[in-house]
Amino acid sequence: MKSTTTQPKAQNMPVIKDRLTSPVSRQWLVKGGAALITGVVLLMFVLGNLLSGKKQTFAQNTPAPVLTVTVQPVAIKPVDRLLSVHGSVSAWDPVSVGATATGLEVKSVLIEEGALVKKGQLLATLDSAQLQAQIESERARLAGSIATVSKSIQPNRPEDINGLAAAVAQAQATVEDQQAMLVQARANLANARGNLKRYQYLKSEGAVSAQEAEDRETTAQVYEATVGGAEKRVKAAQFALKQAQERFSMAQQGGRKEDIQIARANAAEIQGNIKRLQTQIDQTFIKAPIDGLITRRDVHIGDIASTGKTMFLMARDNRLEIKAQVPESDLRLVQPGQTVAIDSSFLGKDKVIGRVREISPLVDYDTRLATVRIDVPNNCGLKPGMYAEGHIYIGKYLALTVPLQAVISRDEKNTVFVLHKNRVESRLVSISNRDNNFVQISSGLTDKEPIVIDGAGFLKDGDYVSVAD
């Protein structure tokens, strides 16, 4: 099969070559080429004349440019990706200041709204005249109670104690006298008994009479009675001495423990009343509990103070925040520490840079919104209650941008002039964001379209312009 396929080709090639190299064929090719070149030249000449005529006609009909402008193509640039939030400015930690005393009249108000105060600074005072009278009465009672305690501890005067000591000494002397008399009586008794024995012996011998022996017996009995009486007097004197010693000891020890405890309890009760009244008097001086800003004053001279009624509202450390509501779908984009550009009608064109402090762990069940707390710098001009908008920086992305001066805002519409050769077209655009001197375009333009920059404010749709070099 290969041989049959290649053989005819080998036979045809010489035939074609012979035809091309023949004299007749070469002459025909030369004539045809010359004719073709001549036709192309004539065609180019005719077209050139036609185009020249059109250019002359267009130049004669084109109006003169109304303005010389600068042109720049629409560009795709990295821009800040911002999450817009809004909310009200409020105190970072609002502190309510009120009176703890009830029923007292406000005597003076020493501070006004907007004032910066220090902890312990006096804000207002209440009338304490009634409390002062009560505390003076209790102090007088306390003085009497302290005297009662002293008397309970030592109810005897020094002279009384000295008298008791003398009584003890006298009782001791009496005991000694009685003991001496008892000794003498016992000696007499012993002598009388000795005599009785001798007389009884003499009586038995007949030396003395019976009468004399009986007399000696009587004498002995008398002395026995005398000794008995002396012993009783000694015991009585000793008992009297003991009583005198006990009275003296009790006088030295002072009052009874129970009496002292009762007196001291009465004094402690009065001291407690004085402390309570002094605390109430101290509470008539309304002082700032913290350093901060007075955001509201709700008290006036002559008001009657009561617990639970706010007199002043303070912002702790003069710190403000914005409680912004963020949809749960955007919540993942927000992190503590992110910067926030804050706008407010009060600030005008100025912006305040805040920072995300914390994100609420709860999402509202009905609105599906979460609260993001944004710290606001001190002394930035914003005040509690103001409405503010914030733009949280969450990164960068590519977007169509044009210079700010290229966008003309009229009747709440944004217009850009697009250049077509030397004529401009007015085109409505949608703006999604502004970043420094550039505007982000969300619709209405495409990448690299030429737009008018300088001079756009003096143009209208269809104007002819010249482009500056």
Side-chain angles (χ1 to χ4, degrees), residues 74-92 315 319-416 427-447 451:
V74 178
I76 296 179
K77 294 183 178 181
V79 296
D80 292 340
R81 186 177 184 183
L82 302 175
L83 176 63
S84 296
V85 297
H86 58 85
S88 298
V89 180
S90 60
W92 166 68
R319 288 179 60 181
L320 301 178
E321 67 175 3
I322 297 175
K323 295 180 179 178
Q325 302 299 311
V326 178
E328 62 178 350
S329 58
D330 295 332
L331 202 58
R332 59 184 178 84
L333 304 175
V334 183
Q335 298 294 330
Q338 289 175 326
T339 57
V340 184
I342 300 171
D343 294 328
S344 174
S345 58
F346 176 79
L347 300 174
K349 295 183 179 180
D350 296 333
K351 289 187 178 182
V352 173
I353 302 301
R355 195 168 296 274
V356 176
R357 187 179 79 253
E358 68 179 39
I359 302 169
S360 173
L362 299 177
V363 177
D364 188 89
Y365 182 80
D366 297 323
T367 63
R368 318 310 301 176
L369 298 175
T371 301
V372 174
R373 297 177 181 269
I374 302 171
D375 282 336
V376 177
N378 292 342
N379 304 320
C380 65
L382 294 176
K383 301 183 183 299
M386 286 185 173
Y387 175 81
E389 295 183 357
H391 306 283
I392 304 175
Y393 175 78
I394 56 177
K396 288 184 177 292
Y397 68 103
L398 297 177
L400 288 175
T401 59
V402 299
L404 181 62
Q405 63 267 34
V407 180
I408 307 302
S409 298
R410 293 172 182 168
D411 300 329
E412 298 183 355
K413 295 180 180 180
N414 298 307
T415 304
V416 173
R427 190 179 299 178
L428 294 176
V429 295
S430 297
I431 295 175
S432 59
N433 199 6
R434 298 174 184 268
D435 183 12
N436 296 329
N437 295 323
F438 289 90
V439 177
Q440 180 182 339
I441 304 298
S442 58
S443 64
L445 293 176
T446 59
D447 186 25
I451 58 172

So, S430 and S443: side-chain donor and acceptor under 3.5 Å apart, yes or no? yes
Is the closest side-chain donor-acceptor distance between E389 and S344 under 3.5 Å? no
Just how far is it from atom [atom1] of [X] to atom [atom2] of [Y], taken to the nearest 0.5 Å?
| X | Y | atom1 | atom2 | result |
| --- | --- | --- | --- | --- |
| S90 | E321 | OG | CD | 4.5 Å |
| I359 | R373 | CD1 | CZ | 12.0 Å |
| I394 | Q335 | CD1 | CD | 10.5 Å |
| T339 | I374 | OG1 | CD1 | 10.5 Å |
| I441 | D447 | CD1 | CG | 12.5 Å |
| M386 | I342 | CE | CD1 | 12.5 Å |

Shortest non-hydrogen separation from [X] to [Y] and the atoms involved:
| X | Y | value |
| --- | --- | --- |
| L428 | K413 | CD2-CB, 4.1 Å |
| A341 | I353 | CA-CD1, 4.1 Å |
| R355 | G337 | NH1-O, 2.7 Å |
| P377 | G354 | CD-CA, 4.4 Å |
| I322 | A388 | CD1-CB, 3.8 Å |
| L320 | A91 | CD2-CA, 4.1 Å |

Are the side chain of T401 and the backbone of A75 linked by a donor-acceptor contact shorter than 3.5 Å? yes
Backbone N or O of G444 within a donor-acceptor pair of the R427 side chain at under 3.5 Å? yes
Over 12 foreign heavy atoms within 6.0 Å of CZ, R357: yes
Answer yes or no: is there a side-chain heavy-atom contact under 4.5 Å between [X] and [Y]?
| X | Y | answer |
| --- | --- | --- |
| V372 | V85 | no |
| Y397 | V79 | yes |
| Y393 | V340 | no |

Going by the side chain to side chain contact (heavy atoms under 4.5 Å, CB included) test, name the single residue among L331, V326, L369, T371 that passes it with V363. L331
